[in-house]
Amino acid sequence: MTSVLTSTSGYAEASDALAEQYESVTFEDVHAGVLHLLPPPGARVLDIGAGTGRDASALTALGHTVVAVEPTGELRAHARRIHATDPITWLDDALPDLTATDRHGPYDLIVISAVWMHLTAAERERSMARVAALLAPGGLLLLSLRHGPVPPGRRMFEVTAAETIALAGSRGLACVHHGDSADPLDRGGVHWSDLAFTRGNDEES
């Protein structure tokens, strides 16, 4: 019987190779288009789908307080090994509900890198509502969308930037950046949409 793929399918089994892959590129390489939008040091940051902690580590080094969410235990284990000296708070949690993150929020910066396309349409709608609720007034959401071939054993959907911008807008998040970038790992046919959103003050949302 064929197993049903989930948003995290394939990641535990490939965690060793993925750890090497993820750490072979830098935070600056992956997020070059939105670096100018990052808040000053001291922000409360939530990294959703943090993988091996590359981005969480870089954000900590920039002076932020980082909560990293990663549902795959094997990737969290690699992260704790690779970035053992970084003061990152690790949580076993996942979209769309993020039930373990409430006590740490709200957040000035939320990063959702290479995660959103794993979610179904219904999960994306619930996730956007949850993320908007966790984002502090004036906060920044960075979100990237992968486009291109789907690796075997993974669940991905073709999610457009236009759909994501509209969904964010329905939750009071305004798009302040929409860029396209090549794959930093040079995987054939893979490219990215890089999006950034801000949340206005409560009385403006």
Which residues pass the salt bridge (Lys or Arg N to Asp or Glu O under 4.0 Å) test with Asp108, not counting sequence neighbours? Arg44
Show every donor-acceptor pair shorter than 3.5 Å between a side-chain atom in residues 136-143 and any protein atom, with sequence neighbours excluded, or say none if there are none.
none

Please identify each residue that fulfils salt bridge (Lys or Arg N to Asp or Glu O under 4.0 Å) with Asp183, with sequence neighbours left out. Arg187
Check side-chain contact (heavy atoms from CB on, under 4.5 Å) between Val25 and all other residues, then give those that pass, not counting sequence neighbours. Asp29, Val30, Arg54, Pro184, Leu185
Contacts of Arg130 that satisfy salt bridge (Lys or Arg N to Asp or Glu O under 4.0 Å) - sequence neighbours left out: Asp102
Under 3.5 Å side-chain donor-acceptor pair for Ser181 and Asp194: yes
Got a sec, which residues hit salt bridge (Lys or Arg N to Asp or Glu O under 4.0 Å) with Glu158, two or more places apart in sequence or on another chain? none
May I have all residue pairs that pass salt bridge (charged side-chain N to carboxylate O under 4.0 Å, His left out) and include part of residues 88-99, sequence neighbours excluded? Arg76-Asp92, Asp97-Arg126
For His83, what residues pass the ring pair (Phe, Tyr, Trp, His ring centres under 6.0 Å) criterion, not counting sequence neighbours? none
How would you list, by chain and number, every residue that makes a ring pair (Phe, Tyr, Trp, His ring centres under 6.0 Å) with His178, sequence neighbours excluded? none
side-chain contact (heavy atoms from CB on, under 4.5 Å) involving Thr120 - partner list, sequence neighbours excluded: Ala122, Glu123, Arg155, Phe157
Applying side-chain contact (heavy atoms from CB on, under 4.5 Å), can you list everything that pairs with Ala56, at least two apart in sequence or on another chain? Asp47, Val66, Ala68, Ile88
His64: what forms a ring pair (Phe, Tyr, Trp, His ring centres under 6.0 Å) with it, not counting sequence neighbours? none
